[in-house]
Protein chains: 2
Amino acid sequence: MDFTLDQLGALEAIARTGSFARAATELRRVPSAITHTVTTLEAALGVALFDREKRPRLTRDGEHVVELARGVLERARALERAAGVLSTGWESELRVVVDGSLPMDPLMTCLRRFADPSVPTVLRVDVEYQDGVMERFRSGADVALLHGLDFDGDERGLQLRALPPLEMLLIASADHPLARAAVTEASRAEHAELIVRDSSTRFESRSRPSFIGSRNVVYLSDFHSKRLALLAGAGYGWIPGHLVADVLASGALVVLEASPSRWTYQPQLATREGQGLGRGAQLFVDTLLAAADAPEG
Amino acid sequence: MDFTLDQLGALEAIARTGSFARAATELRRVPSAITHTVTTLEAALGVALFDREKRPRLTRDGEHVVELARGVLERARALERAAGVLSTGWESELRVVVDGSLPMDPLMTCLRRFADPSVPTVLRVDVEYQDGVMERFRSGADVALLHGLDFDGDERGLQLRALPPLEMLLIASADHPLARAAVTEASRAEHAELIVRDSSTRFESRSRPSFIGSRNVVYLSDFHSKRLALLAGAGYGWIPGHLVADVLASGALVVLEASPSRWTYQPQLATREGQGLGRGAQLFVDTLLAAADAPEG
DNA sequence: ACTGAAGGTTCAACTATACTGAAGCACAAT
DNA sequence: ATTGTGCTTCAGTATAGTTGAACCTTCAGT
């Protein structure tokens, strides 16, 4: 690769303006510099770009090279533009990881916002469960939406912002045996508990103990499956209230009589402490908090 | 555009090899040169490409820039390859103009030859009629296939190669009135003569006189139309024998009894004198002459 | 045919830029 | 601790691009 973008730019300027002299003015150089640039390029490519019989005129090969040069310059200018955007503080990509137990509506608002062409940052969202969330955050995500239930507090280096509190409910189908009377530890042990599997890869083998031990445990991959399984009467289990509000209202599912049967938790928006937020991250945080506080928006 | 292909190449080498040092060896430079190149590029783009907290590691923005850089380099390498081809004597494009009265089979052989991916030159063929052929040749075609009928000889600067001779025949449909007896000047004038229109743009108005004057003249745009018109009995006219060999054999068309009613002409392959042929032109000439001499090939 | 203006080239001197090599620092592995 | 690898800094050097003046050619106008 013994030619430069500068040479290609000069060639393109000559081809466009139609003369060495005009190209020179445009590039704020002296004509002889253009001559030199062109001869150097011709030597580098081994191609006679200009016919110098009289006034220099592009040869057919020259035209061909100009076409290719335009392709190179186009890509180079695209890079330049992208770099310009990056240098103004927009990240090329913003990686967000969200706990699957949280409401997705505010996130959808963010996705819409980032789909706007005026937002140059590309948004990447990963839905994880339990430890999988922090694992992915540690492996490079910029923002994490944590459910905040089993949040140890020993995780330092995090800057947290509270999201509206949510409720976990102990639920079963209305015609499930456990729904007929107050739940005891013994009655509970007779039935299958539905649990959403931890999506962490590190703790593949370590099965997280349920809130209250149960003989039979069914692991599910996400809360949507869990909701379906609960509706099908396959077992009982904890599930975020916002996911079952409709079927609770309709009476298909019921909150079990147990203590506790409700558990309020405090979701958190986490970013890395210390390093300031880029413009993309800031926009995401602002948009998400606004959407979470005013779910109707 | 204040960065160079060289800088992008260095960045790509670092990204690919995973270290400044390996990139330096690959580029046959000293490590400090790589450092310098990278810092210069970062300054030019205004983007922190590497995280220098510890061992330099590409930032996410850096990865993004690398992606774009690969795009630029890919195009640049394509240009380099194309230039390499051009510098070995292959033209980027070979323009051939052919008189529409000539047999097209040898030309088709050439087209097949140039369709081979190992032939980098792009073949462009224009079919013209009469003066249109030379006009296009003058306006830039590299090779002309002339019918040689009205070749003035005053056209200098041409290098000619003879093609197999052909015959013009004075033809009409078998049931045309002129086919019934020997043709006289008077009987000829009573019937329409079919003529292929000159495709030259310069002589739009100048209608070329027919071989023998006729009262009614029908101008057609090509010999295929002329053949159809002859078959339809729309008139009489001169047409190359090879275009009507089949219908003469079947008896649908006949050669008129006139003198002359046959005219042997000597097609020529013309190139510009003085400047040697490029590899594409040479290949074309060789292929065409071979195909013309051995039409079965 | 002459003339002047504009475009292009050549050349030597200059300037800016990239490269080298030595020295030094940071980190990782032993 | 110690060694080795990888990166950076810096000063000197080499390379490559830029300038400006002189010259040549072409083209348009007289």
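Chain naming here is simple, since letters A, B, ... match the order of the sequence lines and numbering starts at 1 in each. Side chains are part of it too, since the values below use all heavy atoms of this structure and drop only hydrogens, waters and symmetry mates.
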Assess the side chains of A:T59 and A:D61: does a donor N or O sit below 3.5 Å from an acceptor N or O?
no
Once you round it to whole Å, what is the distance between P of C:dA18 and CG of B:L27?
15 Å
Nearest-Å distance for atom pair CZ/C1', residues A:R57 and C:dG8
14 Å
Between A:E91 and A:A281 (side chain of the first, backbone of the second, donor and acceptor by atom type, cut-off under 3.5 Å), is there such a pair?
yes
Give the nucleotide from the list D:dC7, C:dC19, D:dG6 with an atom nearest to the side chain of B:T37.
C:dC19
Over how many whole Å does the gap from B:R28 atom CZ to D:dA14 atom P extend?
22 Å
Please pick, from D:dG6, D:dC7, C:dG8, the nucleotide with the shortest atom-to-atom distance to any side-chain atom of B:P56.
D:dC7
Under 4.0 Å, heavy atoms only, any strand: does B:A33 hit a base, just the sugar-phosphate, or nothing?
base
In whole angstrom, give the distance that lies between atom CG of A:L5 and atom P of D:dG17.
13 Å
D:dT30 pairs with, by Watson-Crick or G-U criteria that keep both distances under 3.5 Å
C:dA1
Which part of the nucleic acid does B:S19 contact within heavy-atom distance under 4.0 Å: base, sugar-phosphate only, or nothing?
sugar-phosphate
Between A:R52 and C:dT9, is there a contact of a side-chain N or O with OP1 or OP2 at under 4.0 Å?
yes
Roughly how far apart are A:L269 CG and A:L158 CG, rounded to 0.5 Å?
11.0 Å
Looking at B:F137, I'd like to know if the NZ or CZ of B:R272 sits under 6.0 Å from its six-membered ring centre while staying within 45 degrees of the ring's axis.
yes
Return no unless some side-chain N or O of A:T35 is found under 4.0 Å from OP1 or OP2 of D:dT18.
no
So what does B:S32 hit on the nucleic acid, given a heavy-atom distance under 4.0 Å: a base, only sugar-phosphate, or nothing?
base
To the nearest angstrom, the CZ-P distance between A:F50 and C:dG7 comes to 15 Å
Hey, does A:T39 reach any base, or is it just sugar-phosphate, or nothing, if we go heavy atoms under 4.0 Å?
nothing
Picking from C:dG8, D:dT8, D:dG6, the nucleotide nearest the side-chain atoms of A:F20 would be C:dG8
Lys/Arg-Asp/Glu bridge criterion (N-O < 4.0 Å) met for B:D286, B:R113:
no
Please report, rounded to the nearest Å, how far the P atom of D:dT15 is from the CZ atom of B:R29.
14 Å
Mind calculating the distance between NE2 (B:H36) and P (C:dA16) to the nearest angstrom?
15 Å
Rounded to the nearest angstrom, tell me the gap between atom CD1 in B:I34 and atom P in D:dC10.
19 Å
